[in-house]
*Asks:* 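I have a structure I would like to understand better, so I am pasting it below and will then ask my questions one at a time.
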Protein chains: 4
Amino acid sequence: MRKESSQPAEAVNPAGDSPKFRRRADARPDEVLDAALALFTQNGFAKTTVEQVAASAGLSKGAVYLYFPSKKALLEGLVRRAIVPTADQALSVIAGYRGDPRPVIRKFMTKAASAATGPSVFAVPKLVMREAVNAPEIAQMYRAQVLEKVIPALTALIAQGVEGGHIRQVNPELTVRSVIGPLMLHVMLAEVFAIQPDNGLELESLIDNHLGILFAGLEPEAEVKK
Amino acid sequence: MRKESSQPAEAVNPAGDSPKFRRRADARPDEVLDAALALFTQNGFAKTTVEQVAASAGLSKGAVYLYFPSKKALLEGLVRRAIVPTADQALSVIAGYRGDPRPVIRKFMTKAASAATGPSVFAVPKLVMREAVNAPEIAQMYRAQVLEKVIPALTALIAQGVEGGHIRQVNPELTVRSVIGPLMLHVMLAEVFAIQPDNGLELESLIDNHLGILFAGLEPEAEVKK
Amino acid sequence: MRKESSQPAEAVNPAGDSPKFRRRADARPDEVLDAALALFTQNGFAKTTVEQVAASAGLSKGAVYLYFPSKKALLEGLVRRAIVPTADQALSVIAGYRGDPRPVIRKFMTKAASAATGPSVFAVPKLVMREAVNAPEIAQMYRAQVLEKVIPALTALIAQGVEGGHIRQVNPELTVRSVIGPLMLHVMLAEVFAIQPDNGLELESLIDNHLGILFAGLEPEAEVKK
Amino acid sequence: MRKESSQPAEAVNPAGDSPKFRRRADARPDEVLDAALALFTQNGFAKTTVEQVAASAGLSKGAVYLYFPSKKALLEGLVRRAIVPTADQALSVIAGYRGDPRPVIRKFMTKAASAATGPSVFAVPKLVMREAVNAPEIAQMYRAQVLEKVIPALTALIAQGVEGGHIRQVNPELTVRSVIGPLMLHVMLAEVFAIQPDNGLELESLIDNHLGILFAGLEPEAEVKK
DNA sequence: GATGAATGAGCCTTCATTCAT
DNA sequence: TATGAATGAAGGCTCATTCAT
C-alpha cells in the first residue's frame with residue numbers, strides 16, 4: 001500500500017532492525033520522499049518546509065540534503081519515482097492492441113481506479129498539476145515521461161478502433177479527453193473541494209456510469225438527434 | 001503613466017457616482033484585481049509578490065493595502081468577483097428546465113467554451129484549484145458559491161431528464177462528471193502542460209466530439225456490448 | 001575623516017534632523033557602506049554577517065537589501081566608492097609629466113601617505129587583496145579601475161625619466177615595484193601583524209628613508225660595487 | 001587509489017621507524033597538509049571544506065579529524081610546518097655577519113626568489129596574510145616564529161653595515177621595508193591580480209633591477225638632489 | 001585506524017505588512 | 001489618498017564536527 005521503491009530497500013537491511021540509531025542505508029531516500037509526498041500533498045510545496053519533511057522522515061534538516069540537493073529535487077524525485085510504474089502499467093495494457101478498444105479502455109480505467117485506492121497514486125499527478133507553474137521543468141518531465149506516452153497510446157488505440165469499424169467515427173485525440181476527463185474531475189472534486197456524490201467516492205460506480213455512457217456513445221450505429 | 005486596465009473597468013461602475021474628477025473612482029480595486037489575476041495565473045500565488053501586483057496596477061505597494069487588507073484578500077477578491085456572473089450565467093440557462101436535457105447541456109457547454117476564449121474565465125477556477133490547499137477558506141467559498149450551485153443544478157437537470165424518459169437511466173450525480181470532465185481535462189492539458197490536439201485548442205471541435213459521444217451514450221434506447 | 005560619499009548626502013536633508021525615525025534618504029547607502037567597511041576590515045568578509053552590518057548602520061537586516069542586492073554587492077560597492085577618488089588623485093599628479101620623475105614620485109608618495117592617516121584609504125585595497133580569491137570579479141574590477149591605471153602611469157613616468165637621462169637606465173616596469181613596495185610592506189606589517197618600527201608607524205619617516213635610498217639609487221651617474 | 005603527495009613526504013621522516021608495512025606511516029598528516037595548502041591557496045580558507053581537503057588527500061572526512069582536531073588546526077599545522085625551515089634558512093645566511101651587508105642581502109633575496117619557483121614557499125605567508133584577521137592566533141604565531149626573527153636579523157645586518165661605514169646612514173628598521181617590499185609587491189601583483197611585467201614573472205630580473213637601485217642608493221658617498 | 005551518515009547551528013535572502021510622512 | 005522605507009519572521013542551504021560501526 002506504500003511506495004514502490006525503486007531501491008530494494010528491504011533487502012539491504014534484512015536483519016532485525018536495532019532500535020534508535022541505525023543507518024537505514026538506501027531506504028532513506030525513499031523514506032524522505034514518502035514524507036515529502038504526504039506533506040506536499042497536504043500543505044502544498046511552498047508551504048512545506050524542508051525541516052518538516054526531515055522531521056516527518058525522522059531525520060535532521062541537514063540529512064535531507066545528503067540525499068537531495070535541493071527542495072525542488074524532492075519534488076522531482078517524487079515525480080521520477082512515480083513515473084516509471086505509472087507509464088509502464090498504462091502502456092502494458094494498451095500496447096499494440098487491435099480490435100474494439102472498449103474492453104481495453106475498461107481495463108485501463110479499472111486499473112487506474114483500483115490503484116487510486118491508496119492516496120499515493122493520484123497524489124503525484126495532482127501535485128504536478130498544482131506546482132507546474134512554479135516548477136516548469138518538472139511539468140515538462142511529467143509531460144515527456146507520462147503524458148506523451150499515455151495520451152498517444154490511447155489515441156492510437158481509439159484510432160485503430162475507428163478504422164476497424166469497432167466504434168463510431170470520432171476524433172481520437174479529442175475522444176481521449178472524453179475517456180479520461182470524467183475520472184479526473186471526479187477525483188479532483190473529491191480531493192480538492194471535498195465534493196463527493198451522496199454515497200461516497202465510489203470509483204467503481206463512477207467508472208460504471210461513465211463507461212456505460214461512453215461506450216454506448218461510441219457504438220458504431222448510434223445516431224442521435226441533437 | 002498609469003496602466004490602462006485590460007478590462008473595461010468603467011463599464012462596471014456605470015452610474016455617475018464620482019463627484020468631479022475622482023481618479024477612475026472605484027475602478028482602482030478592480031485594476032488591482034486585474035493585475036493580481038494576471039500575475040497569479042502566470043506565476044502562481046506564492047511566487048507573486050504584492051509589489052509586483054502593485055507595480056502592474058500602477059500603484060505603490062502600500063496602496064494595495066488600502067483596498068485589500070492582505071495578500072490573501074486579493075485571491076479572495078478575485079474569486080468573489082468571478083463568482084456572481086459565473087454562477088448566475090450557468091443557473092439562468094439551467095433553471096427549472098423540463099424536458100430533454102441535452103439541448104440545455106449543449107447551450108451550457110457552448111457558453112462556457114465561448115467565454116473561455118479570453119483567458120480570464122477559466123483563470124479563476126484554475127487558480128482556485130491550484131491554491132485550494134493553501135487557502136482552504138477560499139476553496140470553501142468557491143465550493144459554496146459556485147460548485148454547490150452549479151453541480152446540483154446540472155444534477156437536477158439530468159435527473160429530470162431521466163425521469164422524463166428523455167435519456168437513459170443513469171446516475172445523475174455521476175453523469176455530471178461525464179458532462180464537464182472532458183472539457184476540464186482539455187483545458188488543463190492545454191494550459192498546464194501545453195498539450196493540444198494537432199490542430200490547436202479548438203474548443204468547438206472538442207465540444208462537438210464530446211457531446212456527439214455523450215448524447216449518443218445518453219440515448220434512451222442505446223444498449224451496448226461490453 | 002569619513003567617507004567621501006559619491007552622493008551629495010548632506011544636501012538632500014539640509015533642515016535640522018529630527019530625532020529618531022527620519023528617512024535619511026540617499027545617505028543610507030553610504031552609511032551602510034561605512035558600517036560594512038569597518039566590519040569587513042575588522043573581521044573579514046566571511047565572518048561578518050549582514051545583520052552585523054545592518055545593526056552597525058542602525059538598520060534592520062532587511063533594510064540593507066533595499067540598497068544592496070547581496071552581501072557581495074556590499075564589497076563591490078565599497079570598492080566602487082573608493083575607486084574613483086583614488087585613481088583620479090593618483091593620475092592627476094602623474095599625468096603627462098616630463099622631466100625628472102623623482103619630485104613627482106615624492107609628491108605621489110606623500111599624497112598616498114597623508115591620505116593613509118585615516119583608516120579608510122588603505123582599508124579598501126587591503127580588503128580587496130584579502131578577498132580577491134573569494135570574489136574574483138571584484139579583484140578584476142579593482143585591477144581594471146585602479147591598478148591598470150596607476151601602474152602604467154608610473155611606468156610611463158619612469159620610462160620618460162630614463163629616456164630624458166634624468167635617472168639611471170632601469171627597467172621602468174620593475175622599478176615601479178621598487179617605488180611602491182616598501183610603503184605597502186610597511187603598512188601591511190603594521191596592520192596585519194602589528195609590527196611597527198620602534199617609534200611608531202611614521203609614514204613620513206618611512207617615506208623619507210625609502211625615497212632617500214631610492215632616489216640615490218636612481219642617480220644617473222651612480223655606479224656601485226656589488 | 002591513494003594520492004601521491006606532491007611533496008617528498010618520506011624524506012621528512014627518513015628514520016626507519018615504521019614496523020613492517022604501516023601505510024605510509026606518519027606521512028598521512030603531511031599529505032593532508034599538502035592538500036589543505038593547495039586548496040586554501042586556491043580557494044581561501046573559508047571557501048574550502050574539510051571534505052574537499054579529505055578527498056584531495058585521499059581520505060575520508062572523518063579521518064582528517066584523526067590527525068587534526070579542527071579545520072583551523074590545518075591552517076596552524078600548515079604554518080607550523082613552514083616556519084622552521086623558512087626562518088632557519090633565512091637566519092643561517094644572516095647570522096652574525098659583519099661587513100658590507102649588500103652581498104648577504106643579495107644572497108638572501110636570491111634564496112627567497114629561487115625557492116619561490118615552486119608555489120609552496122610563498123603560499124604560506126600569503127595565506128597567513130589573508131587569514132590573519134580570522135585567525136589571530138595564527139598570525140601571532142607567524143609573527144613570533146618568523147617575522148620577529150627575520151626582521152630583527154635583517155635590521156641588525158643593516159645596522160652594523162651602517163656602523164661599519166659600508167652603507168649610507170639610513171634607518172635600519174625602515175630600510176628593511178625597502179629591501180623586501182619590492183619583492184613582496186611583485187609577487188602579490190602577480191598572484192593576486194595576475195599583473196606581470198611584459199616579459200613574465202621573472203624574479204631574477206626583478207631582483208637585479210631592484211638590488212641595482214637599492215645598492216646604489218645605499219652607497220656611502222651617494223648624495224642626491226631632491 | 002577509518003568511514004561516512006547524521007547533526008545542528010548559523011547565515012543569506014525574501015517578502016508580507018506597517019507606518020511616518 | 002498615497003508613498004516607499006523599514007521591519008522581522010521565516011526558510012533554504014552549508015558545513016564543521018561527532019559517532020556508531
Side-chain angles (χ1 to χ4, degrees), chain A residues 18-26 28-29 45-54 57-74, chain B residues 22-23 25 28 45-55 58-74, chain C residues 18-26 28-29 46-54 57-74, chain D residues 22-23 28 45-55 58-74:
Chain A
S18 65
K20 274 270 153 99
F21 217 58
R22 191 75 131 80
R23 307 278 177 69
R24 230 78 59 73
D26 315 79
R28 274 287 156 83
F45 180 77
K47 291 251 251 175
T48 301
T49 71
V50 173
E51 188 145 39
Q52 284 167 9
V53 175
L59 274 78
S60 72
K61 190 170 27 165
V64 171
Y65 286 89
L66 293 177
Y67 303 110
F68 299 92
S70 73
K71 188 187 176 187
K72 202 174 238 178
L74 286 173
Chain B
R22 211 153 19 116
R23 196 140 43 112
R28 272 285 161 82
F45 180 78
K47 291 249 234 170
T48 301
T49 71
V50 173
E51 186 144 39
Q52 284 168 11
V53 174
L59 273 77
S60 73
K61 197 176 6 173
V64 171
Y65 284 86
L66 294 177
Y67 303 112
F68 299 91
S70 73
K71 188 186 178 187
K72 201 174 246 177
L74 285 173
Chain C
S18 66
K20 272 268 151 102
F21 218 58
R22 190 76 130 83
R23 308 276 177 70
R24 231 79 58 73
D26 314 79
R28 273 285 156 86
K47 293 250 251 175
T48 301
T49 72
V50 173
E51 188 144 38
Q52 284 168 8
V53 174
L59 273 77
S60 71
K61 190 168 27 164
V64 171
Y65 286 87
L66 293 177
Y67 303 110
F68 299 91
S70 71
K71 188 186 176 188
K72 202 174 237 177
L74 285 173
Chain D
R22 212 155 17 117
R23 193 132 53 103
R28 273 285 162 82
F45 180 77
K47 289 248 235 172
T48 300
T49 70
V50 173
E51 186 143 40
Q52 284 169 8
V53 175
L59 273 77
S60 73
K61 196 177 6 174
V64 171
Y65 284 86
L66 294 176
Y67 303 112
F68 299 91
S70 74
K71 189 185 177 187
K72 201 174 244 177
L74 285 173

*Asks:* When you match C:Gly62 and C:Thr48 each to their closest nucleotide on DNA chain E, which lands nearer the 5' end?
*Replies:* C:Thr48
*Asks:* Looking at every strand, decide which applies to C:Ser60 at a 4.0 Å heavy-atom threshold: base, sugar-phosphate, or nothing.
*Replies:* base
*Asks:* What's the CG-C1' distance between A:Leu59 and E:dG8, to the nearest Å?
*Replies:* 13 Å
*Asks:* What is the distance from NZ of D:Lys47 to P of E:dC11, rounded to the nearest Å?
*Replies:* 17 Å
*Asks:* Within a strict 4.5 Å, meaning less than it, do heavy atoms of the A:Tyr65 and A:Val50 side chains meet?
*Replies:* yes
*Asks:* Tell me whether the OP1 or OP2 atom of E:dG4 has a side-chain N or O from D:Lys61 closer than 4.0 Å.
*Replies:* no
*Asks:* Roughly, in whole Å, what's the span from CD in A:Glu51 to P in F:dT14?
*Replies:* 16 Å
*Asks:* Looking at A:Arg28, I'd like to know whether one of its side-chain N or O atoms comes within less than 4.0 Å of OP1 or OP2 on E:dA6.
*Replies:* yes
*Asks:* Could you pick out which residue, A:Ala63 or C:Gln52, lies toward the 5' side of DNA chain E when each is mapped onto its nearest nucleotide?
*Replies:* A:Ala63
*Asks:* For residues A:Lys47 and A:Gln52, report the shortest heavy-atom separation together with the two atoms involved.
*Replies:* O-OE1, 3.9 Å
*Asks:* How many whole angstroms separate atom CG of C:Leu66 from atom C1' of F:dG8?
*Replies:* 13 Å
*Asks:* Between C:Ala57 and C:Leu59, which heavy-atom pair has the shortest distance, and what is it?
*Replies:* O-CD1, 3.1 Å
*Asks:* Does a side-chain N or O from A:Tyr67 land closer than 4.0 Å to OP1 or OP2 of E:dA5, or not?
*Replies:* no
*Asks:* Do A:Arg28 and A:Leu66 have side chains that get closer than 4.5 Å, going by heavy atoms?
*Replies:* no
*Asks:* Tell me: OH of C:Tyr65 to P of E:dC11, nearest whole Å?
*Replies:* 12 Å
*Asks:* For the pair made of CG in A:Leu74 and C1' in F:dG11, what is the distance, rounded to whole Å?
*Replies:* 14 Å
*Asks:* Using whole Å, report how far NZ of A:Lys71 lies from P of E:dC12.
*Replies:* 21 Å
*Asks:* According to the Watson-Crick and G-U wobble definitions, with both distances under 3.5 Å, which nucleotide is paired to E:dC11?
*Replies:* F:dG12
*Asks:* Are the side chain of A:Lys61 and the backbone N or O of A:Thr49 linked by a donor-acceptor pair below 3.5 Å?
*Replies:* no
*Asks:* Just the rounded figure in Å: distance from C1' of F:dA5 to CZ of C:Phe68.
*Replies:* 15 Å
*Asks:* Partner lookup for F:dA6, please. Criteria are Watson-Crick or G-U wobble with both distances under 3.5 angstrom; report none if nothing qualifies.
*Replies:* E:dT17
